Amino acid sequence: MAQRLDNARIVIVDDHDLVRTSLAKFLSQLGAGVRTCANADKAFTQVIHFQLDLVLSDISMPGKDGFELLQEIRTLRRSRGGEVPVVAISGMSRPLDRARAPSAGFDALLLKPFTADDLLQVIDNVIRSGR
């Protein structure tokens, strides 16, 4: 049985609808409160308005990418969400992301395709271990 994520508030930002809906369904079934966004601007609004436990952000998106979203989040005060953990999600075809993500300040990096166990391990490490 997968771990429970009761009361974990998570935002998923990815420009691919299938990725967003699949992740949201999976995490919701484990008890998380999930909001989804198709772009970085909408995700940033969620960070400001809701006390979140985690942001799962695709790196490669049209318009603002995940790096730009992270940079905007980190300019916020703590009380506005500036310290929320942000996990980068990247396709295997983007090896540069693997090198840039840790130095950019992401709390973790998940490479697509990843398993449910991979996702839950990262969430556990980031949320439950206090980043």
Side-chain angles (χ1 to χ4, degrees):
M1 175 80 181
Q3 70 190 28
R4 296 291 303 167
L5 296 173
D6 294 332
N7 302 316
R9 296 165 309 238
I10 300 172
V11 163
I12 300 164
V13 56
D14 197 300
D15 58 314
H16 289 83
D17 185 55
L18 182 59
V19 172
R20 283 193 318 274
T21 57
S22 298
L23 287 173
K25 181 178 179 180
F26 174 70
L27 296 174
S28 295
Q29 288 174 341
L30 296 176
V34 179
R35 295 172 182 268
T36 62
C37 304
N39 63 57
D41 288 330
K42 290 180 181 178
F44 185 71
T45 300
Q46 296 293 311
V47 170
I48 292 171
H49 293 331
F50 300 99
Q51 287 189 304
L52 300 172
D53 296 304
L54 180 66
V55 174
L56 295 172
S57 177
D58 188 18
I59 290 180
S60 180
M61 296 181 285
K64 290 181 186 169
D65 65 17
F67 291 106
E68 292 167 301
L69 172 60
L70 176 67
Q71 185 177 14
E72 285 186 339
I73 290 170
R74 295 297 180 244
T75 65
L76 297 170
R77 292 177 306 216
R78 180 180 187 177
S79 63
R80 296 291 306 256
E83 294 183 8
V84 64
V86 181
V87 173
I89 300 173
S90 177
M92 294 291 283
S93 62
R94 305 264 318 190
L96 181 60
D97 293 343
R98 184 186 299 211
R100 282 185 59 202
S103 63
F106 284 102
D107 295 279
L109 172 64
L110 273 170
L111 296 174
K112 296 176 188 174
F114 52 84
T115 67
D117 287 339
D118 295 337
L119 175 62
L120 293 174
Q121 182 64 51
V122 165
I123 291 173
D124 187 57
N125 290 343
V126 172
I127 292 180
R128 300 184 194 284
S129 300
R131 298 175 24 172

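Treat the numbers as computed from the prediction; the structure is a model and nothing was measured.
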Kindly indicate whether the side chain of [X], heavy atoms from C-beta on, has any atom under 4.5 Å from the side chain of [Y].
X	Y	answer
Leu109	Ser90	yes
Phe26	Leu5	no
Val86	Leu69	no
Val11	Val84	no
Val19	Ile89	no
Leu52	Val47	yes

In Å, rounded to the nearest 0.5 Å, how long is the span from [atom1] of [X] to [atom2] of [Y]?
X	Y	atom1	atom2	result
Ile73	Arg80	CD1	CZ	12.5 Å
Arg35	Phe50	CZ	CZ	3.5 Å
His49	Phe44	NE2	CZ	9.5 Å
Leu23	Leu119	CG	CG	6.0 Å
Asp118	Leu111	CG	CG	9.5 Å
Asp58	Leu110	CG	CG	11.0 Å

So which heavy atom on [X] is nearest to which on [Y], and how close?
X	Y	result
Ala40	Val13	N-CG2, 4.0 Å
Val34	Ser28	CG2-OG, 3.7 Å
Ala24	Ile12	N-CD1, 3.5 Å
Asn39	Asp41	OD1-N, 3.1 Å
Gln29	Arg4	O-NH1, 3.1 Å

For Asp6, is the CG atom crowded, meaning more than 12 foreign heavy atoms sit under 6.0 Å from it?
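Yes.
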
Please check if the side chain of Asp53 supplies one atom and the backbone of Arg9 the other of a donor-acceptor pair under 3.5 Å.
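Pair found, side chain donor or acceptor close to backbone of Arg9.
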
Donor-acceptor pair, distance only, cut-off 3.5 Å: does the side chain of Arg20 make one with the backbone of Asp14?
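Judged by distance alone, yes, a pair lies under 3.5 Å.
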
If only side-chain N and O atoms count, and only distance matters, is there a donor-acceptor pair under 3.5 Å linking Asp117 with Gln121?
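There is no such pair between these side chains.
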
Are the charged groups of Arg74 and Asp107 less than 4.0 angstrom apart, N to O?
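Salt bridge: yes.
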
May I have the step-by-step check of side chain to side chain contact (heavy atoms under 4.5 Å, CB included) for Ser57 and Leu70, ending in yes or no?
CA-CA 9 Å; Ser57 177; Leu70 176 67; over 6 Å; no

